[in-house]
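Below: one structure, written as structure tokens.
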Amino acid sequence: EVELVESGGGRVQAGGSLRLSCAASRFTFENFAMGWIRQAPGKEREAVSCINSRDGTTNYADSVKGRFTISSDNAKNTVYLQMNSLKPEDTAVYYCATHGVCRSTGSPPPTTSDFGNWGQGTQVTVSS
């Protein structure tokens, strides 16, 4: 059974930075794409980024483009989300999840319903 464990969430002031990590196990990491999806209270889930573990292709939602950077370390079976210039509207629970393949470079991430296995999530709170 696929296991995904997120960490790195917390509380930060607007303009600050956080780095989320997602440790994956029990599947062949490099054969999958990995994504970060967030859900704010009362809002729908939003896929914010995706990375192909095999070739490094990345996608970003317009809402985070230029501020967030996704990366992966195949040797550690871990995917990261570096979040800079955080805004109060970035407050949400952030989940990592598996996908078959990201969209082509420059495209938005796949829709949230297309992601397969999900972690338990990590809370990010940005105060103004």
Side-chain angles (χ1 to χ4, degrees):
E1 183 179 346
V2 170
E3 185 174 56
L4 302 170
V5 180
E6 301 97 334
S7 61
R11 181 180 295 272
V12 65
Q13 288 192 327
S17 299
L18 283 173
R19 188 194 196 202
L20 306 183
S21 300
C22 173
S25 60
R26 303 179 184 172
F27 67 103
T28 305
F29 185 79
E30 66 178 12
N31 289 345
F32 286 82
M34 299 295 297
W36 286 97
I37 299 99
R38 68 185 181 185
Q39 186 164 26
K43 296 187 177 181
E44 293 186 355
R45 289 176 173 174
E46 177 189 22
V48 297
S49 190
C50 181
I51 185 168
N52 283 343
S53 302
R54 184 174 296 275
D55 65 10
T57 299
T58 58
N59 303 146
Y60 294 96
D62 287 343
S63 58
V64 306
K65 200 172 292 184
R67 301 187 298 121
F68 290 10
T69 302
I70 191 170
S71 62
S72 66
D73 185 334
N74 289 356
K76 296 182 178 180
N77 284 6
T78 300
V79 61
Y80 305 96
L81 187 68
Q82 178 66 44
M83 306 186 295
N84 298 330
S85 302
L86 282 161
K87 304 175 181 180
E89 52 263 44
D90 294 318
T91 295
V93 178
Y94 284 71
Y95 302 88
C96 70
T98 61
H99 197 284
V101 63
C102 301
R103 292 176 173 167
S104 58
T105 300
S107 300
T111 57
T112 57
S113 60
D114 289 341
F115 286 86
N117 302 285
W118 294 61
Q120 83 288 349
T122 186
Q123 176 70 46
V124 171
T125 302
V126 185
S127 58
S128 57

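Keep in mind that what you see is a predicted model, and the values were worked out from it rather than measured.
- The salt bridge (charged side-chain N to carboxylate O under 4.0 Å, His left out) search around R19 returns none, not counting sequence neighbours.
- Of all heavy-atom pairs between T78 and S21, the closest is CG2-CB, 4.4 Å.
- Side-chain atoms of N77 do not come within 3.5 Å of backbone N or O of A23 as any donor-acceptor pair.
- Taken from CD in Q39 to OG1 in T112, the straight-line distance is 8.5 Å, to the nearest 0.5 Å.
- With sequence neighbours excluded, the residues forming a salt bridge (charged side-chain N to carboxylate O under 4.0 Å, His left out) with K65 are D62, listed by chain and number.
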For side-chain hydrogen bond (donor to acceptor under 3.5 Å, both in side chains), just list the numbers for E3 and S25, CA-CA rounded to whole Å, side-chain angles, deciding distance to a tenth of an Å, and then say yes or no.
CA-CA 5 Å; E3 185 174 56; S25 60; 3.2 Å; yes
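- Counting only residues at least two apart or on different chains, the disulfide bond (SG atoms under 2.5 Å apart) pairs with a member in residues 5-71 are C22-C96, C50-C102.
- Residues that satisfy the side-chain contact (heavy atoms from CB on, under 4.5 Å) test with S17, not counting sequence neighbours, are Q82, N84.
- Taking the salt bridge (charged side-chain N to carboxylate O under 4.0 Å, His left out) definition, one finds that E46 meets it with R38, sequence neighbours left out.
- Going from atom OG of S72 over to atom NZ of K76 covers 12.0 Å, rounded to the nearest 0.5 Å.
- Of the possible donor and acceptor atoms, none in the side chain of R11 sits under 3.5 Å from a partner among the backbone N and O of T125.
- In this structure the side chain of D73 reaches within 4.5 angstrom of the side chain of Y80, judged on heavy atoms.
- Within the structure, ring pair (Phe, Tyr, Trp, His ring centres under 6.0 Å) pairs that include any residue of residues 2-24 do not occur (at least two apart or interchain).
- Shown here for P109 and S49, the closest heavy-atom pair between the two residues is CG-N, 3.7 Å.
- Within the model, atoms OG1 of T98 and CG of N31 stand 12.0 Å from one another, a figure rounded to the nearest 0.5 Å.
- Partners of Q120 by side-chain contact (heavy atoms from CB on, under 4.5 Å), not counting sequence neighbours, listed by chain and number: V5, E6.
- With 3.5 Å as the limit, one finds no donor-acceptor pair spanning the side chains of S127 and Q13.
- Evaluation of the salt bridge (charged side-chain N to carboxylate O under 4.0 Å, His left out) test over residues 97-109, restricted to residues two or more places apart or in two chains, returns none.
- With sequence neighbours left out, E89 forms a side-chain contact (heavy atoms from CB on, under 4.5 Å) with K87.
- Applying the ring pair (Phe, Tyr, Trp, His ring centres under 6.0 Å) rule to pairs touching residues 106-128 yields Y95-W118, H99-F115, sequence neighbours excluded.
- S104 meets the side-chain contact (heavy atoms from CB on, under 4.5 Å) test with S107; sequence neighbours excluded.
- Grouped with Y60 in one hydrophobic cluster are V2, L4, V12, L18, L20, F27, F29, F32, M34, W36, V48, I51, V64, F68, I70, V79, L81, M83, L86, Y94, V124, V126, the linkage being side-chain heavy-atom contacts under 4.5 Å among Ile, Leu, Val, Met, Phe, Trp and Tyr residues.
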